[in-house]
Engineer: 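Before I ask anything, here is the structure I am working with.
For ligands, and for the atoms within them, numbers begin at 1 and follow the listed sequence. Numbering of residues begins at 1 and proceeds along the displayed sequence.
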Amino acid sequence: MTDQPAITVDGHAIPLLGFGTWQLEPADARRMVAEALRIGYRHIDTAWIYHNEAAVGDGIRDAIDAGVVAREDVWLTTKIWVAHFERDALLKQAEESAASLGFTPDLLLLHWPKKEPSFKETLDALNDAKDRGLTHGIGLSNFPSAEFREAQGLSKARLLTNQVEYHPYLKLTKLRETAKELGSSITAWSPLAQGKIADDATLNEIGRAHGKTPGQVTLRWLIQQNVIAIPRTAKESRAAENFDIFDFELTAEQMDRIHALARPDGRLGDWIDPAFKWDEEWA
Ligand SMILES: NC(=O)c1ccc[n+]([C@@H]2O[C@H](COP(=O)([O-])OP(=O)(O)OC[C@H]3O[C@@H](n4cnc5c(N)ncnc54)[C@H](OP(=O)(O)O)[C@@H]3O)[C@@H](O)[C@H]2O)c1
């Protein structure tokens with residue numbers, strides 16, 4: 001891995017800044033992944049359901065062929081879609097994802113929690129995928145604290161991260177504490193609130209004090225919490241902007257001002273199965 005900030009979980013060093021690829025069409029995904037690696041990103045996030053795993057793999061191969069990176073320098077995450085949580089289907093998708101990427105992923109996540117099949121069946125299958133060499137590590141996405149604990153209790157291997165929505169308009173106090181207690185980590189999806197941070201007066205003001213943009217301030221706020229952030233853009237210039245966050249530091253007061261932007265209606269992507277409830281951050 002490179003010398004950029006990373007969080008070490010169960011012996012795995014995961015770069016705190018990654019590059020997201022949701023909604024990137026294959027041609028854009030390939031171009032932007034190769035460009036992100038050229039800029040310096042060493043962590044790429046995709047998922048089976050994004051329908052771009054093959055293009056993401058091509059982008060990484062383009063960067064390898066250009067001499068920009070070696071495979072072992074890149075942290076690569078993908079996800080098991082909820083339709084594939086039965087044992088056989090999970091193992092089949094794990095094989096398919098590795099084949100599409102052309103690489104064994106570093107991390108394979110369960111995309112959203114689901115009541116059926118049981119957590120035990122799905123966690124056992126996910127551990128089996130790891131034991132069979134279909135992924136180097138396993139983890140979760142969109143699991144509230146109670147289900148995060150339950151899943152770790154059922155998993156032989158450490159769950160390396162729980163990838164959830166997190167940005168200045170959400171509180172995540174309880175889930176961050178849970179991740180810490182479990183020896184895991186949090187990865188923030190939609191870290192830029194899908195671009196909404198650009199017009200925020202507080203983030204703009206703090207940015208001006210550092211000569212930085214609201215996006216850079218937001219990503220810095222996340223990594224200063226030791227939270228992994230995976231911003232997405234289809235534009236080369238923004239990919240470079242979002243990577244340029246390692247030469248300044250937010251003060252404790254600025255961190256607190258950004259935390260204070262959280263609001264009850266801040267969630268952008270509430271696609272959780274109604275059988276589960278997000279942590280009650282506003283109670
Ligand atoms: N696990 C899950 O369930 C889940 C759910 C959602 C997302 N994710 C992952 O998280 C990644 C990031 O989340 P996201 O794609 O929802 O949203 P995001 O990264 O918060 O925001 C992306 C949007 O912000 C714009 N943008 C990028 N950089 C900017 C900047 N510096 N200033 C202003 N606007 C900027 C982009 O537009 P341009 O393209 O025009 O630059 C794009 O429209 C995804 O790509 C995916 O990998 C995971």
Engineer: Hey, which atoms in ligand 1 end up nearer than 4.0 Å to a heavy atom of A193?
Structural biologist: 20 (O)
Engineer: Please lay out, stage by stage, how N142 and W189 fare under the test side chain to side chain donor-acceptor pair (under 3.5 Å).
Structural biologist: CA-CA 10 Å; N142 300 303; W189 63 253; 2.8 Å; yes
Engineer: Could you find the nearest protein heavy atom to atom 40 (O) of ligand 1 and give me its residue, atom name and distance?
Structural biologist: K235 NZ, 2.4 Å
Engineer: Return the closest protein heavy atom for atom 44 (C) of ligand 1 as residue, atom name and distance.
Structural biologist: W22 CB, 3.4 Å
Engineer: Among all protein heavy atoms, pick the one closest to atom 20 (O) of ligand 1 and tell me residue, atom and distance.
Structural biologist: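 Of every protein heavy atom, L192 N, 2.9 Å lies nearest to atom 20 (O) of ligand 1.
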Engineer: Kindly identify the option in W271, W189, F19 whose heavy atom sits closest to atom 7 (C) of ligand 1.
Structural biologist: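 Minimum heavy-atom distance to atom 7 (C) of ligand 1 goes to W189.
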Engineer: Relative to the heavy atoms of H111, which atoms of ligand 1 are at a distance of less than 4.0 Å?
Structural biologist: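 The list of qualifying atoms is 1 (N), 2 (C), 3 (O).
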Engineer: Quick check: do L17 and H43 have side-chain heavy atoms less than 4.5 Å from each other?
Structural biologist: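 In short, these two side chains do not touch, never coming nearer than 4.5 Å.
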Engineer: Please compare S190, A47, S141 and report which has the shortest non-hydrogen distance to atom 14 (P) of ligand 1.
Structural biologist: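 Looking at heavy atoms only, S190 sits closest to atom 14 (P) of ligand 1.
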Engineer: Taking side chain as C-beta onward, heavy atoms only, is Q152 less than 4.5 Å from R158?
Structural biologist: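 Yes. Closest side-chain heavy atoms under 4.5 Å.
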Engineer: Check if T213 has a non-hydrogen atom at a distance under 4.0 Å from any atom of ligand 1.
Structural biologist: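 Not so, T213 does not reach ligand 1.
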Engineer: Considering only heavy atoms of G20, which atoms of ligand 1 have at least one such atom less than 4.0 Å away?
Structural biologist: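 Per the distance check, 11 (C), 45 (O), 47 (O).
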Engineer: Can you name the one residue among T122, N127, D124 that meets side chain to side chain donor-acceptor pair (under 3.5 Å) with S155?
Structural biologist: N127
Engineer: Kindly indicate whether the side chain of R220, heavy atoms from C-beta on, has any atom under 4.5 Å from the side chain of E249.
Structural biologist: yes
Engineer: Distance under 6.0 Å and angle within 45° of the ring axis: does R232 meet both against F19?
Structural biologist: no
Engineer: Looking at ligand 1, does P191 have a heavy atom less than 4.0 Å from it?
Structural biologist: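 Checking ligand 1 against P191, which is what was asked, there is a heavy-atom contact under 4.0 Å.
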Engineer: Name the closest protein heavy atom to atom 39 (O) of ligand 1, giving the residue it belongs to and the distance to 0.1 Å.
Structural biologist: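 The answer is A234 N, 2.9 Å.
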Engineer: Give the numbers and elements of all ligand 1 atoms closer than 4.0 Å to a heavy atom of W112.
Structural biologist: 3 (O)
Engineer: Would you indicate whether the side-chain heavy atoms of E121 and L90 approach each other to under 4.5 Å?
Structural biologist: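 L90 vs E121: side chains apart.
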Engineer: Tell me, yes or no, whether the heavy-atom count around E25 atom CD, taken from other residues, nucleotides or ligands under 6.0 Å, exceeds 12.
Structural biologist: no
Engineer: Among all protein heavy atoms in this structure, tell me which lies nearest to atom 43 (O) of ligand 1, with the distance rounded to 0.1 Å.
Structural biologist: R232 NH1, 4.0 Å
Engineer: Out of Q194, M32, R238, Q163, who gets a non-hydrogen atom closest to atom 35 (C) of ligand 1?
Structural biologist: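 Comparing heavy atoms across Q194, M32, R238, Q163, the nearest one to atom 35 (C) of ligand 1 lies in R238.
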Engineer: Are any non-hydrogen side-chain atoms of L107 and T161 less than 4.5 angstrom apart?
Structural biologist: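 When only atoms from C-beta onward are counted, T161 and L107 do touch, with a gap below 4.5 Å.
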Engineer: Relative to the heavy atoms of P231, which atoms of ligand 1 are at a distance of less than 4.0 Å?
Structural biologist: 19 (O)
Engineer: Of all heavy-atom pairs between L159 and A151, which one has the smallest distance, and what is that distance?
Structural biologist: CD1-C, 3.7 Å
Engineer: Any nitrogen or oxygen of A198 lying under 3.5 Å from a nitrogen or oxygen in ligand 1? Just yes or no.
Structural biologist: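 Min N/O separation from ligand 1 is not below 3.5 Å for A198.
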Engineer: Against the six-membered ring of W75, is R42 placed for a cation-pi contact (under 6.0 Å from the centre, within 45° of the normal)?
Structural biologist: no
Engineer: Return the option from T233, I230, I272, N242 holding the heavy atom at the smallest distance from atom 28 (N) of ligand 1.
Structural biologist: N242
Engineer: If you round to the nearest 0.5 Å, how far is CD of E165 from CG of L172?
Structural biologist: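 Taking CG in L172 and CD in E165, the distance rounds to 9.5 Å.
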Engineer: Among protein heavy atoms, which lies nearest atom 3 (O) of ligand 1, and at what distance?
Structural biologist: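 The closest one turns out to be N142 ND2, 2.9 Å.
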Engineer: Which residue and non-hydrogen atom of the protein lie closest to atom 47 (O) of ligand 1, and at what distance in Å?
Structural biologist: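 Looking only at protein heavy atoms, the one closest to atom 47 (O) of ligand 1 is D45 OD2, 2.7 Å.
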